Amino acid sequence: DHVPPPLPWPKENPPECQAKPFPRGLLQNLDDVVWDTLAHVDPQMFVGTKEKGNAIREGLNRIGLGWVAMNAYGYRTAQGRKYDRAQAFYEQNGWRRPGESLP
């Protein structure tokens, strides 16, 4: 079986995520930073229809912002777009982190 090499993480916050940035508040202007943290979250957090906020919260924990409340509509929309795009990446990458080879 041929296993494709792992894909690199998209360095730029995807356009569909840029269209719905985090609203005014503590995460305002941190969309690119939050996007980058999702490259380090366990890919299994993106399998199925698990709570989208958990994966984003894990990313925020990595940069010391896991305590930020994100239950307002603008935050849910922004995190949902990031989750959906990261989920698509991980699915395409065989549920591996960027640069991670299969065992």
Side-chain angles (χ1 to χ4, degrees):
D1 284 323
H2 171 66
V3 177
L7 299 170
W9 187 253
K11 291 296 181 192
E12 186 174 306
N13 191 12
E16 62 269 28
C17 297
Q18 291 177 25
K20 288 288 182 183
F22 285 117
R24 284 185 56 185
L26 293 171
L27 297 179
Q28 183 179 6
N29 299 321
L30 291 180
D31 289 275
D32 291 338
V33 173
V34 173
W35 172 251
D36 288 341
T37 68
L38 298 182
H40 306 285
V41 171
D42 180 357
Q44 295 304 306
M45 293 192 82
F46 295 93
V47 175
T49 58
K50 294 179 180 176
E51 177 63 39
K52 292 181 178 187
N54 290 342
I56 304 297
R57 175 83 49 216
E58 180 63 28
L60 290 174
N61 281 335
R62 294 183 159 277
I63 58 172
L65 293 174
W67 54 271
V68 175
M70 295 185 305
N71 55 352
Y73 176 76
Y75 283 98
R76 289 193 317 269
T77 301
Q79 73 183 0
R81 296 251 177 138
K82 286 171 184 50
Y83 178 94
D84 292 345
R85 183 59 192 95
Q87 182 183 48
F89 168 86
Y90 281 123
E91 184 173 18
Q92 183 181 7
N93 201 34
W95 301 106
R96 297 174 288 173
R97 285 189 175 101
E100 180 180 71
S101 40
L102 291 174

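Being a predicted model, the structure only gives us computed values, none of them experimental. All residue numbers in this chain count up from 1 along the given sequence.
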What I'd like to find out is whether the side chain of [X] reaches to under 4.5 Å of the side chain of [Y], using heavy atoms alone.
X   : Y   : value
L38 : F46 : yes
L7  : R96 : no
L26 : W67 : yes
L30 : I63 : no

With rounding to the nearest 0.5 angstrom, report the [atom1] to [atom2] distance, [X] to [Y].
X   : Y   : atom1 : atom2 : answer
Y73 : R76 : OH    : CZ    : 8.0 Å
N29 : D31 : CG    : CG    : 7.5 Å
W35 : K11 : CH2   : NZ    : 11.5 Å

Can you name the closest pair of heavy atoms from [X] and [Y] and give their distance?
X   : Y   : result
R62 : V41 : NE-N, 4.3 Å
Y83 : I56 : N-CD1, 4.1 Å
W9  : A86 : CH2-CB, 3.9 Å
L27 : M70 : CD1-SD, 3.9 Å

Return all side-chain donor-acceptor pairs below 3.5 angstrom for residues 14-25, not counting sequence neighbours, or 'none' if the list is empty.
| unit_1 | atom_1 | unit_2 | atom_2 | d |
| --- | --- | --- | --- | --- |
| E16 | OE2 | R85 | NE | 3.4 |
| Q18 | NE2 | E12 | OE2 | 3.3 |
| Q18 | NE2 | N13 | O | 2.5 |

